[in-house]
Amino acid sequence: MTTLAGTAATGLHRPLGRAFYARPIDALARALLGRLVVTDSADGLAAGRIVETEAYGGPDDRASHARAGLTARTRPMFGPVGHAYVYLVYGLHECLNVVGEQDGQGGAVLLRALEPVTGIELMRRRRSRPHDPDWRLAAGPARLAQALGVDRRLDGHDLTLGEDLWLAGDDVLARPGEPEAPSDIASGPRVGVAYAGGEWAARPWRFWLAGHRSVSRP
DNA sequence: CGAATGATACCCT
DNA sequence: GGGTATCATTCGG
């Protein structure tokens with residue numbers, strides 16, 4: 001029996017349903033804060049609380065991969081909500097996204113940072129950084145994916161199944177004010193999207209829990 | 001410490 | 001062929 005201090009009430013093993021993902025993409029990015037990301041593999045169970053996200057819209061969003069339209073890489077972004085979109089950046093790093101939608105078109109939310117909750121030693125092993133403090137193990141999109149053991153084999157995976165990779169935590173719409181009060185949430189421009197220019201680069205579609213240590217850029 | 005620099009592979013003008 | 005939703009390391013102050 002794994003110790004899950006503070007998580008029993010949030011239903012670690014009960015995945016969020018499809019309806020959770022059906023809201024405007026920036027609202028989804030906000031709603032994901034405070035939820036749990038869970039992975040289950042032969043190596044064990046790992047979970048963390050989402051503390052930083054970024055919303056990416058459909059083909060109109062110049063900063064979004066969806067700007068390229070439907071390609072082999074972006075296919076999950078144009079599929080049903082509640083699936084994973086996993087891609088490689090800079091030839092090295094995997095990034096985990098949650099598929100949503102914007103104006104009936106493709107969209108996704110990049111998970112940028114987690115606070116490790118359980119399976120912390122497993123995360124540390126996967127990261128191969130024995131001296132990193134817990135709070136840094138998943139502070140950043142590539143660290144997050146590596147700590148959870150997420151790679152492109154999970155691209156397109158259905159997050160509502162509760163198998164291998166899923167999201168958990170009560171729906172804030174069903175329980176207003178839980179688990180994160182709006183006043184705890186800060187927002188600002190997305191990271192590394194200056195190339196999009198103008199309104200799209202300036203749009204405050206990055207969200208994080210104010211003052212949290214695991215946020216990738218304070 | 002902060003800034004600069006590779007590493008590296010996939011995607012698409 | 002150029003750019004990239006990053007990170008770890010190395011350097012200089």
Side-chain angles (χ1 to χ4, degrees), chain A residues 21 24-26 28-30 32-33 37 48 50-79 81 83-102 105-116 123-157 159 165 186-208 213-218:
Chain A
Y21 302 95
I25 200 69
D26 53 329
L28 178 60
R30 278 179 175 274
L32 285 168
L33 293 173
V37 187
I50 299 172
V51 301
E52 185 184 355
T53 61
E54 277 176 1
Y56 287 88
D60 295 341
D61 183 355
R62 304 271 308 285
S64 173
H65 286 179
R67 72 192 181 286
L70 198 165
T71 67
R73 179 211 211 184
T74 62
R75 180 179 313 281
M77 287 190 81
F78 294 91
V81 301
H83 287 238
Y85 168 44
V86 183
Y87 66 88
L88 193 68
V89 272
Y90 300 123
L92 299 174
H93 304 299
E94 317 265 357
C95 292
L96 171 61
N97 299 249
V98 173
V99 172
E101 61 186 348
Q102 177 72 352
Q105 308 196 79
V109 175
L110 171 65
L111 303 185
R112 289 193 57 90
L114 299 182
E115 171 192 345
M123 294 188 192
R124 200 185 308 283
R125 247 182 344 263
R126 284 173 170 151
R127 289 276 306 137
S128 305
R129 311 218 96 223
H131 301 299
D132 267 12
D134 293 359
W135 60 265
R136 189 181 296 159
L137 292 173
R143 291 181 187 142
L144 180 156
Q146 192 178 16
L148 290 175
V150 168
D151 61 27
R152 280 163 295 166
R153 285 172 303 196
L154 286 166
D155 188 33
H157 178 77
L159 300 171
L165 167 65
S187 63
R190 295 171 288 183
V191 173
V193 299
Y195 61 86
E199 187 223 339
W200 286 109
R203 190 170 285 221
W205 272 10
R206 171 176 174 244
F207 303 94
W208 65 94
R213 195 120 111 119
S214 292
V215 170
S216 65
R217 304 192 184 186

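In what follows, chains carry the letters A, B, and so on, assigned in the order in which the sequence lines appear, proteins first and then strands, with residues in each chain numbered from 1.
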Next on the checklist: Does A/R73 reach a base, just sugar-phosphate, or nothing at all? Heavy atoms under 4.0 Å.
Outcome noted: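 Touches sugar-phosphate only.
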
Next on the checklist: Output the rounded distance in Å from CG (A/L144) to C1' (C/dA5).
Outcome noted: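 Those two atoms, CG and C1', are 13 Å apart.
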
Checklist entry - Toward the 5' end of DNA chain C, which comes first, A/D132 or A/E54, by nearest nucleotide? => result A/E54

Next on the checklist: Please classify the nucleic acid contact of A/A72 as base, sugar-phosphate, or nothing, using heavy-atom distances under 4.0 Å.
Outcome noted: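 No contact at all - A/A72 keeps every heavy atom at 4.0 Å or more from the nucleic acid.
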
Next on the checklist: Using a distance-only criterion (donor-acceptor N/O pair, under 3.5 Å, no hydrogens), is the base of B/dA9 paired with the side chain of A/Y90?
Outcome noted: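 Check fails, no donor-acceptor contact within cut-off.
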
Checklist entry - Is there a side-chain polar atom (N or O) of A/Y195 under 4.0 Å from OP1 or OP2 of C/dA5? => result yes

Checklist entry - Rounding to a whole Å, what distance do you find between A/Y87:OH and B/dC12:C1'? => result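 Value for this atom pair: 16 Å.
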
Item to check | Rounded distance (Å) that lies between atom C1' of B/dC11 and atom CG of A/L92 | outcome: 15 Å

Checklist entry - To the nearest angstrom, how far is A/L110 atom CG from C/dT4 atom C1'? => result 13 Å

Item to check | Salt-bridge present (A/E54, A/R190; N to O < 4.0 Å) | outcome: no

Next on the checklist: What contact category does A/R152 fall into here, base, sugar-phosphate, or nothing, at under 4.0 angstrom with non-hydrogen atoms?
Outcome noted: sugar-phosphate

Checklist entry - Counting only N and O atoms by type, is there a donor-acceptor contact under 3.5 Å from the side chain of A/R124 to the main-chain atoms of A/D132? => result yes

Item to check | A/H131 NE2 - C/dT9 P separation (whole Å) | outcome: 11 Å

Checklist entry - Regarding A/R126 and A/Q146, is there a side-chain donor-to-acceptor distance under 3.5 Å anywhere? => result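 No - no donor-acceptor pair under 3.5 Å links their side chains.
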
Checklist entry - Going by heavy atoms in the side chains, are A/P141 and A/H93 under 4.5 Å from each other? => result no

Checklist entry - Would one find a side-chain N or O of A/R129 under 4.0 angstrom from OP1 or OP2 of C/dT9? => result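 For A/R129, the contact criterion (side-chain N or O under 4.0 Å from OP1 or OP2 of C/dT9) is met.
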
Checklist entry - Atom CZ of A/R203 to atom P of C/dA5: distance rounded to whole Å? => result 17 Å

Next on the checklist: Please find the pair of heavy atoms, one from A/A66 and one from A/G58, that lie closest to each other, and give the distance.
Outcome noted: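 Here A/A66 and A/G58 meet closest at CB-C, 3.7 Å.
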
Checklist outcome for this item: From the candidates B/dC10, C/dT6, C/dA5, the one with an atom nearest any side-chain atom of A/H93 is C/dT6

Checklist entry - Tell me: CZ of A/R136 to C1' of C/dT9, nearest whole Å? => result 13 Å

Checklist entry - How close or far is atom P of B/dC10 from atom CG of A/D151, stated in whole angstroms? => result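 After rounding, the reported distance stands at 13 Å.
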
Checklist entry - Between A/R203 and A/D26, is there a salt bridge with N-O shorter than 4.0 Å? => result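 No salt bridge links A/D26 with A/R203.
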
Item to check | Within the 6.0 Å centroid threshold, strictly below: A/H65 and A/Y56 | outcome: no

Checklist entry - What nucleotide, of C/dA5, C/dC7, B/dC12, holds the atom closest to the side chain of A/A68? => result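 Of C/dA5, C/dC7, B/dC12, B/dC12 is nearest to the side chain of A/A68.
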
Item to check | Side-chain N or O of A/R143 closer than 4.0 Å to phosphate OP1/OP2 of C/dA8 | outcome: yes

Checklist entry - Do the side-chain N or O atoms of A/T71 get closer than 4.0 angstrom to the phosphate oxygens (OP1, OP2) of B/dC12? => result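 It does, given that an N or O in the side chain of A/T71 lies less than 4.0 Å from OP1 or OP2 of B/dC12.
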
Item to check | CZ/A/R73: more than 12 non-hydrogen atoms of other groups inside 6.0 Å | outcome: yes

Checklist entry - Taking OP1 and OP2 of C/dA5, is either one under 4.0 Å from a side-chain nitrogen or oxygen of A/H65? => result yes

Checklist entry - Want to know the stems of DNA chain B: at least 3 consecutive Watson-Crick or G-U pairs with distances under 3.5 Å, which are they? => result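 When the pairs of DNA chain B are grouped into runs of at least three, the stems are B:1-7 with C:6-12, B:9-12 with C:1-4.
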
